[in-house]
Protein chains: 2
Amino acid sequence: MEDVAKAAAVSTATVSRVLNSPELVAPETAARVQRAIQDLGYRPNVFAQGLMTRKSRLLGIALPDIHGEFYSELLRGADAEARRQGYHLLISSEARDDESGLIGSAAGFVAGVAVMLTEPNEALWKQIREASEPFVVIDSDIGAAGVDRVLVDNAIGTRDAVDHLLGSVKPERCYFVGGPRENFDTEQRARVFADTLSERGHRPDERHVRFGDYSVDWGHRCGGEILAAANGEPIGVLAGNDEIAFGVMLAAADRGLNVPGKVRIIGFDDTRLATLLRPGLTTVRVPMAQVGAAAIAALIARIDEPGRPASCTRLPTELVVRGTSAPAKP
Amino acid sequence: MEDVAKAAAVSTATVSRVLNSPELVAPETAARVQRAIQDLGYRPNVFAQGLMTRKSRLLGIALPDIHGEFYSELLRGADAEARRQGYHLLISSEARDDESGLIGSAAGFVAGVAVMLTEPNEALWKQIREASEPFVVIDSDIGAAGVDRVLVDNAIGTRDAVDHLLGSVKPERCYFVGGPRENFDTEQRARVFADTLSERGHRPDERHVRFGDYSVDWGHRCGGEILAAANGEPIGVLAGNDEIAFGVMLAAADRGLNVPGKVRIIGFDDTRLATLLRPGLTTVRVPMAQVGAAAIAALIARIDEPGRPASCTRLPTELVVRGTSAPAKP
DNA sequence: AGTGGCGATGTAAGCCTTTGCATACGTAGA
DNA sequence: TCTACGTATGCAAAGGCTTACATCGCCACT
């Protein structure tokens, strides 16, 4: 920096000002300094900057698990947005509640953290609240007040999915095969499923709303039980994610039941799998990349303006009709 | 830090030493300082540290594209290893060759960068070489000399796959349906495919070794052409990745050809898709998580010991036999 | 008893920026 | 012509840490 200052015949203070508040410096001087910067290939030292300003252009993102395309899509959107705004993204594959987690160990050198919480986690939640950095929460409804959040609006897609099912299946024949009971998304989807069905005249009981995990295996197993109980009458299944839906397809195949003829299946997430299957899986699209981008955008907004009121972004879900659901009645 | 020093009745220098070179400090003093650190919840300022030591505990990882589980698996392994060694991981979804890429923009505050290069990219390569940080290259054979590299040993898996195919298909009936011609992996796999077949008595021509892209669609299309030319005789296909393999399965299904009866198919990568398909896809497993971990390990080794000779880690691939290939002859 | 050396600790310089305050100059208004 | 103010720039402190060098006991040796 000193070299630049010398080359441009100014003080280091002016060089700094050219970089940080150009409006304070005379245009000709600024131009001269810029040239010197170019010529010497000067790049400010990030550490010194951080030391002075106590800010960094680093954002953390903590996911329950970077696994599968679901999260990679989220990461993709988040990274794109961060980059667009001149930030870098630090990842943590485990939203751990101990020191080894991002929150604990990155404390102090990230400007903020986006945390994805898919299940209640008191310890982690406490740790986040006590951290000094700004943060936003992804996909979690807890700790609602005064916290920036980015959510998936499961209601829209779920409602549409149920109505789509009801186009060709009786309400009593509709099932929801969810993921883990504690999972926020599954929980919401289950509730909206039940509510929508109730509005349409049939309150489903616990045999119609099932919880397990997000695996093909669970879908296969649960699908088998449901089909066994259905006695061949056409049924509709809304799954908690695409893998479960695929499991249900497998269960139907086991019994030689045609999909969508005898069993209409709708997945959730619209992962790659949904497009690959034959017949193509009707599913509810969840815009993960947008969720990631929105989270980063919200985080940066908070960093730039700490006093702003807490935001809550809801990204819409959307039913994507493919081959595993009967077409709506004409 | 000053507070800690005061609380432990030592100087800040001693506090620093306790943290960085405990062997220089008397055990009792160290204990006293540690207590003070605990009590006051002191955490060293990363920026100040970086300013002094010109080092950071940040590692960059640049991928061609963080997309799909292939890369997310890599990232997972890399992050785990980085965390284990007390580093943080900065991601870049695009290994761009301009300023906006990780290499350009993170220059100066990462201790090193792992770059994944799946195709030749002169500009990026040049940029990397000129960067001041240490770096390791993933999956790329270029710029061989003096550079740390982590590679996938495609040979083992490809050879095994070909031999597996030859267990029930004539050499003239074996095909390779690859991804992009320039892609390092596809290129290697194609070569080993051809070599192995040659050793077994049949040099394949360009009709038997095809290039396209890594998509289901290409597999479908190319598989269709191959099957059309095969006149119903049993054939074997080694695909450049699992998606292509799936495309070929689709092509077989179009023609009502049984898999593995009439068409034996082997994929590459062992992605989730391979386990989900029915029949299960025989495929060559590529240990992506290990690749990521090895890359980070190599990077840290280089950082710790800049003078060490360049390393080259080769992770083995392994044939995983499932349902789409005929069982080997008894 | 005197000295050399070693282990433990303190002192203070320096790492590179940012920024509050001071300075210098020029201009407009009185 | 003088004052007052605004604009462009410089000066220097501060930010938290590491580390070379200095210091100080203390023990072992001559």
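Quick note on labels: first sequence line is chain A, next is B, and so on, each numbered from 1. Quantities reported herein were computed from a predicted structural model and do not represent experimental measurements.
- Across all strands, Val15(A) comes closer than 4.0 Å to no nucleic acid atom at all (heavy-atom distances).
- Comparing Ser11(B) and Ser16(A) by the nucleotide of DNA chain C whose heavy atom lies nearest to each, the residue mapping closer to the 5' end is Ser11(B).
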Mind running side chain to side chain contact (heavy atoms under 4.5 Å, CB included) on Asp139(B) and Val152(B) for me, showing each step along the way?
-> CA-CA 6 Å; Asp139(B) 205 30; Val152(B) 169; 4.2 Å; yes
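- Nearest-nucleotide mapping onto DNA chain D: of Thr12(A) and Leu24(A), the residue sitting toward the 5' end is Leu24(A).
- Residue Thr29(B) has a polar side-chain atom (N or O) positioned under 4.0 Å from OP1 or OP2 of dT9(C).
- Taking atom CZ of Phe109(B) as the reference point, atom P of dC16(C) lies 17 Å away to the nearest angstrom.
- dT19(D) atom C1' lies 14 Å from atom CD of Glu23(B), rounded to whole Å.
- Distances were taken from every side-chain heavy atom of Arg17(A) (C-beta onward) to each of dG20(C), dT18(D), dG10(C); the shortest belongs to dG20(C).
- Here Gln49(A) does not reach the OP1 or OP2 of dC16(C): none of its side-chain N or O atoms lies under 4.0 Å away.
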Step by step, work out the side chain to side chain contact (heavy atoms under 4.5 Å, CB included) result for Leu151(A) and Phe184(A).
-> CA-CA 10 Å; Leu151(A) 305 172; Phe184(A) 294 122; over 6 Å; no
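- For the pair Ile300(B) and Leu59(B), the minimum side-chain heavy-atom distance is below 4.5 Å.
- Arg43(B) contributes no side-chain N or O that forms a donor-acceptor pair with the base of dG16(D) under 3.5 Å.
- Phosphate proximity of dG10(D) to Thr14(A): present, with a side-chain N or O under 4.0 Å from OP1 or OP2.
- Nearest to the side chain of Leu51(A), among dG15(D), dT19(C), dC17(D), sits dG15(D).
- Closest to the side chain of Met1(B), out of dT19(C), dT18(C), dT18(D), is dT18(D).
- The interatomic distance linking Asp3(B) (CG) with dC17(D) (P) rounds to 10 Å, in whole Å.
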Evaluation steps, side chain to side chain contact (heavy atoms under 4.5 Å, CB included), between Arg32(A) and Val10(A) | CA-CA 9 Å; Arg32(A) 198 149 28 93; Val10(A) 294; 4.0 Å; yes
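- Positionally, the nearest nucleotide of DNA chain D for Ala26(A) lies more toward the 5' end than for the other of Ala26(A) and Glu2(B).
- The distance between atom NZ of Lys6(B) and atom C1' of dG10(C), rounded to the nearest whole Å, is 15 Å.
- The side chain of Met52(B) lies closest to dT18(D) when the candidates are dT19(C), dG10(C), dT18(D).
- OP1 or OP2 of dC16(C) lies within a sub-4.0 Å distance of a side-chain N or O belonging to Arg54(B).
- Close to dT18(D), at under 4.0 Å from its OP1 or OP2, lies a side-chain N or O of Asn20(B).
- More than 12 heavy atoms of other residues, nucleotides or ligands sit less than 6.0 Å from atom CZ of Arg308(B).
- Across the protein-nucleic acid pair, Tyr42(A) atom OH and dT18(C) atom C1' stand 10 Å apart, rounded to whole Å.
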